[in-house]
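In what follows, chains are A, B, ... by sequence order, proteins preceding strands, each numbered from 1. What you see is a predicted model, and the numbers here were worked out from it, not measured in a lab.
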Amino acid sequence: MTRVFVPRDSAARSVGADEVAALLERAGGEVVRTGSRGMLWLEPLVEVETPDGRVGYGPVAPEDVDGLVAAGLLDGTAPGLGLVEELEWMRRQQRLTFARVGVVDPLSPDDHEAHGGNAGLRAALALPPAEVVGAVTESGLRGRGGAGFPTGIKWRTVLDAESELKFVCCNADEGDSGTFADRMLMEGDPFTLIEGMTIAAHAVGAREGYIYIRSEYPDAIATMRAAIAAARERGWLGERVLGSELSFDLHVRVGAGAYICGEETSMLESLEGRRGQVRAKPPIPAIQGLFGRPTVVNNVLSLAAVPWILAHGAAAYAELGVGRSRGTSVFQLAGNVARGGIVETAFGVTLGELVNDFGGGTASGRPVRAVQVGGPLGAYLPVSQFDLPLDYEAFAQAGAMVGHGGIVVFDDTVDMAAMARFAFEFCAEESCGKCTPCRIGAVRGVETIDKIRAGQDREKNLVLLDDLCTLMTDGSLCAMGGLTPMPVRSAVQHFAEDFR
Amino acid sequence: MTSVTPPRTAAEECARAALAEHGSERGPLLPVLHAVQEKLGCIPRDVIPVIADGLNLSIAEVHGVVTFYKDFRSTPPGRTTVRICRAEACQARGANALVEHAKRQLGVEFGETTPDGAVTLDEVFCLGNCALGPAVQVGERLHGRVSPPRFDALLGELR
Ligand SMILES: Cc1cc2nc3c(=O)[nH]c(=O)nc-3n(C[C@H](O)[C@H](O)[C@H](O)COP(=O)(O)O)c2cc1C
Ligand code: SF4
Ligand code: FES
């Protein structure tokens, strides 16, 4: 019997994938639940195995199933989207980190190995730790969590630190709105994250790891826990990983609804069982991290990129990209966008290509007015900036940031003064409270924008707003308070008419 | 002979079970609190001294942690918690209108529970469903493209 693939990704489930899967099973299909390909506007996307490859149908509503089955869906002959991997959206991407997401059964270790999994880990275990660190450095990989710090340099610091106890911590707090790639990787290909963390453990000499997942992601938590149990059973975790000298075990920890716990030192506090208050740096976590021990803290996507690098070579990864932004990045198209989802492609793709070519403009059909890149602390950019290449340095020069790669699209009905107000409101809500510029500044920011919107001493208050932004940028302990001015100032700069 | 101790409450028993299960982990406080809340729906005041004692922490420390994190409640929620995403990507898809609609339909503000105890309404900043907004979480279940009529249908399933 041919196999039929229906995502179990929570975004696909959020629009009816479970119901569709149940109906297809009842109709006699052998249903396999996979992750999502990331073409989220097509969800639920059903794929059917044929001799030429998988053909797609989507979006499939539960009420469509009977008709599609009658037309030949179960042997792939019903008219549909055609071969999924030939779709323009897929062909234009370079899926390295996301190669298996949407393809494999996320909890099948056999699938993982059959699709090239563990090749990176095997290659790494055959090398001395310093050479693994060297490969990661040469690949040019930079942290995908937001700051873009070179991963190899961080690992080198932990490797060189003297301690019989070291940790590898994965930051899966993914609090930025407009981002969901960490979640989709954990739900769609958890063994790749485990593999990346295991390689990190070997590289720096750690025996214990933690994945800190936000509580808003119950499906990712369940999938990661199940995958860790399966990996232990296979000997991919625990004593003598894959028969090597390495011993490494991994634990899932669940956040508790605090955005600030995505900041690495706050996450470490939380893992230690305390309030998620930011620590002053130095000392850096690589030297004194979890319980004061040398600790690797990396984002999900940074760690999940590593197996590919070890399997295919640092040079192959470094060949992709532009400037100092090497390799691929997993961009996420969100908000008011016609074709939202995952675009993994080499750095250097322009904002316009992502929003218009991949995204197809707005979902509402109205003109695009603004996009926010890099989460709630990222800049709002106008359409006139669509030539900007996705590249850490180019974005920094434009007063913006790539961050975790989320791109949120707004149409021409957006009120940018309201979005600037929201940036302060969010900061006031989520501030850890440790420093005054952030804790008090955010509240003052909301008040000031309210006055501007009400037409009260507008010019004076716009100057006050700018002063406040300078104070927060210069005086905050971490990027929560330090970067909240970025969405605010960019909104004022590019959409001044909304503040008049 | 053992001294006479007051009988333990069910909440205390629950805290002790959570301590027994997670007490030996590194940094066990959050796992313990999550376990208690999963059972009881909240962290009742009277378990805080039990947890503090069990983990060798001060009551103030445990209280400080409980109050820092939005997830931890001091009173039990309604039978189902409905959380509406208010973050930017969902705002771009009409989340603000959905919020107004939900408050009107349920007759409650964020953080409140309907008088029949059926639904607690809350806000959340991002559910990772940003391409299919507005996003809503009902219990642990995620929903996408939630228009006001779809919201009413979801509520209908709860009643
Ligand atoms: C307010 C704030 C929130 C953050 N949230 C996250 C997050 O959710 N996930 C993440 O990986 N990094 C987040 N970061 C960045 C981390 O502090 C840290 O740089 C990152 O985890 C390091 O991993 P990387 O080098 O692999 O990116 C946040 C930073 C700040 C200031
Ligand atoms: S900037 Fe805000 S979040 Fe960061 S340490 Fe200061 S108060 Fe805490
Ligand atoms: S912004 Fe609403 S789910 Fe991400």
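The residue among B/T67, B/L132, B/V136, B/L33 with the most heavy atom pairs within less than 4.5 Å of chain A is B/L132. Of the residues considered (B/H34, B/Q137, B/E140), B/H34 shows the highest number of contacts with chain A, using heavy-atom pairs under 4.5 Å. Interface remark: of the candidates A/V408, A/N336, A/D411, A/N336 forms the most heavy-atom pairs closer than 4.5 Å to chain B. Contact count against chain B (heavy-atom pairs under 4.5 Å) is highest for A/G255 among A/G175, A/A258, A/G255.
For A/M419, the part lying near chain B is the side chain, with the backbone staying farther off; criterion is any non-hydrogen pair under 4.5 Å. If you measure heavy-atom distances from A/L290 to chain B, you find no contacts under 4.5 Å at all. If you measure heavy-atom distances from A/S270 to chain B, the contacts under 4.5 Å come from both the backbone and the side chain. Contact of A/D9 with chain B is not made at all, since no heavy-atom distance falls under 4.5 Å. Using a 4.5 Å cut-off between heavy atoms, A/Q332 does not touch chain B at all. Proximity to chain B is limited to the side chain of A/F291, based on heavy atoms less than 4.5 angstrom apart. Both the backbone and the side chain of A/L40 come within less than 4.5 Å of a heavy atom in chain B.
Within residues 72-92 of chain B, the residues having any heavy atom less than 4.5 Å from a heavy atom of chain A are, in residue-number order, B/F72, B/R83, B/R86, B/A87, B/E88, B/A89, B/Q91, B/A92. Residue-level contacts of residues 104-121 of chain B with chain A do not occur; threshold 4.5 Å between heavy atoms. Residues of residues 20-27 of chain B that come within less than 4.5 angstrom of chain A, heavy atom to heavy atom, are B/E25, B/R26, B/G27 in numerical order. Inspection of non-hydrogen atoms places no residue of residues 40-62 of chain B under 4.5 Å from chain A.
No hydrogens or angles considered: nothing links the side chains of B/Y69 and A/S215 as a donor-acceptor pair under 3.5 Å.
Atom NZ of B/K39 sits in a sparse spot, with 12 or fewer heavy atoms from other residues, nucleotides or ligands closer than 6.0 Å.
Distance alone, capped at 3.5 Å, is enough to place a donor-acceptor pair between the A/R183 side chain and the B/G128 backbone. A/R274 places no side-chain N or O within 3.5 Å of a backbone atom of B/V65 that could act as its donor or acceptor partner.
Comment: A/R214 does not engage B/D71 in a salt bridge, judged by the lack of any side-chain N to carboxylate O separation of less than 4.0 angstrom. With respect to the salt-bridge test (charged N to carboxylate O, under 4.0 angstrom), the residues B/R145 and A/E43 do not qualify.
Less than 6.0 angstrom separates the ring centroid of B/F125 from the ring centroid of A/F426.
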